[in-house]
There are 2 protein chains.
Amino acid sequence: MPARQTSKPRARRTPEARPYHHGDLRRVLIDAALQLAAEGAEVSVREAARRAAVSPGAPFRHFPNRDALMAAVAEEAQRRFRAEIEAALGEEPPKGPLERFRAFGLAYLRWAMRNPAHFEIISTGRYFAHGSSADLTRDNTELIALSERMLTDAAEQGLLRSADLKRIQIASRALVYGFARMNLDGHFPRWGIEDGQIERMAEGVIDLFIAGIAQP
Amino acid sequence: MPARQTSKPRARRTPEARPYHHGDLRRVLIDAALQLAAEGAEVSVREAARRAAVSPGAPFRHFPNRDALMAAVAEEAQRRFRAEIEAALGEEPPKGPLERFRAFGLAYLRWAMRNPAHFEIISTGRYFAHGSSADLTRDNTELIALSERMLTDAAEQGLLRSADLKRIQIASRALVYGFARMNLDGHFPRWGIEDGQIERMAEGVIDLFIAGIAQP
DNA sequence: TCTATATGTAATCATTGATTACATCCTTGA
DNA sequence: TCAAGGATGTAATCAATGATTACATATAGA
């Protein structure tokens, strides 16, 4: 059997001999899990360990349990999500709040549709206790606050028909979230072959909503 | 040990001795799984078997695998979902299409919020292959058709501002589905203590949407 | 009544999350 | 410098689950 070399590893290790310690296993496990999810596979601790070429018990040195790993994965995904949305908004020349809201919704949906598995992990609360990660909660809260600020601005500038701001905020979240989840949950039967069609429909839905709340 | 009586079971069985054959195990398994889900537990084949007081292998006489059981569960849940919505619509005195649409959305959300686990099984497509049950697909399709008909009627009666009916239909589905899933996925933090508040917000969101698409 | 079929049981397997005892490495401070 | 001790990985093991197979029993129809 090709058992592990027992020669003193004190000496500089040969190129192919992995060192006993991994380097940054935590990071590698998170990446492996993200990749697993992106491939549409179930995320299992053992498979992540396998991809990191490490024993099945090793991950538990970094995460007390599977949920903690998933929470870390969600944290990373949420970070990327937020970064991409803010980047998209940053590219925009300054416009009115409703135009910014439109850009926000589009960036949100584009990311959700291009990273469905990661969006699912972020949003579902099925993989770990809600609020178990402060970072995740913060990123999420700030994204929501960002979008709500746009609507508040719009209201202050008299751009909205209704005075019930809270209602508009919730409805807008429900609309965008619902569209993302419909895509995720397989409610867009065929047209998914090339995603352009779904993204165009996302745009149309957002425009319809904005037209509905905007002062005529 | 209180091992099973080996006396010839040919004779009429004593009251407490369960007969070898169960009666309607398939049905009982589905009900057990529905109940498990409603309790917020994971639905496992074995636990369903346990509740049916039957061996762990028995369910596989009725369902080729776990997914098939979940599909049957979804079928039953979808049947109830549709029945309740149609019942709610039946109670309504005949009104305009937008009023009917409003009643539809409310009935939809009320059921989704009162049966979150069942709604999840129906809608997610994570528990079994989409389209694996003809009945489920049919019930779902007809619900969608029902709601779309209301919007079509509204359009024909000149009640809508926009001519893009398809867009309105998708947006309305996204809105209602999104609200239901936000509740399901834990995006309504505190106010859930008594559901009345969420149901009122659901009502408000639907009204906002209808006001947005209706001809002023 | 006799037999084919449907339905349940017992035993077993592979996979997974998790824990425990042990091995190895790395850092720190005397 | 180097030994102590914490951090990190391994090996072995456990319990739960989905699934399969061989076998047992009940039921229906000729």
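What you see below is based on every heavy atom in this structure, not just the backbone, and it leaves out hydrogens, waters and symmetry mates. We name chains A, B, ... by the order of the sequence lines, and we start the count at 1 in each one.
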Check: Rounded to whole angstrom units, what separation is found between the CG atom of L29(A) and the C1' atom of dT8(D)?
Finding: 12 Å

Notebook entry, point to check: With sequence neighbours left out, which residue pairs that include part of residues 52-62 of chain B fulfil the salt bridge (Lys or Arg N to Asp or Glu O under 4.0 Å) condition?
Noted result: none

Check: Between dA7(D) atom P and R26(A) atom CZ, what is the distance in whole Å?
Finding: 15 Å

Note to self: Run the side-chain contact (heavy atoms from CB on, under 4.5 Å) test against D185(A) and tell me which residues pass, sequence neighbours left out.
What the structure shows: R181(A), H187(A), T124(B), R126(B), Y177(B), R181(B)

Margin query: List the residues meeting side-chain contact (heavy atoms from CB on, under 4.5 Å) with A154(B), not counting sequence neighbours, and say none if there are none.
Written below: P97(B), L98(B), L159(B), L160(B)

Next item on the list: May I have the distance from E42(B) (atom CD) to dT16(C) (atom C1'), rounded to whole angstrom?
Entry: 13 Å

Check: L25(A) has an atom CG; how far is it from atom P of dC25(C), in whole Å?
Finding: 16 Å

Next item on the list: Taking side-chain contact (heavy atoms from CB on, under 4.5 Å) as the test, write out the residues that go with T137(A), two or more places apart.
Entry: T141(A)

Note to self: Given 3.5 Å as the limit, does a donor-acceptor pair link the side chain of R66(B) with the main chain of V43(B), or not?
What the structure shows: yes

Every protein N/O within reach of nucleotides 14-20 of chain D N/O, cut-off under 3.5 Å:
unit_1	atom_1	unit_2	atom_2	d
dT17(D)	OP2	R50(B)	NH2	2.8
dG18(D)	OP1	V45(B)	N	3.1
dG18(D)	OP2	V45(B)	N	3.1
dG18(D)	OP2	R46(B)	N	3.1
dG18(D)	N7	R46(B)	NH1	2.7
dG18(D)	O6	R46(B)	NH1	3.3
dA19(D)	OP2	R66(B)	N	2.6

Checklist line | Contacts of E42(B) that satisfy side-chain contact (heavy atoms from CB on, under 4.5 Å) - sequence neighbours left out | finding: none

Notebook entry, point to check: Below 4.0 angstrom from OP1 or OP2 of dG8(C), is there any side-chain N or O of H62(B)?
Noted result: yes

Margin query: What is the distance, to the nearest angstrom, from the CZ atom on R61(A) to the P atom on dA18(C)?
Written below: 15 Å

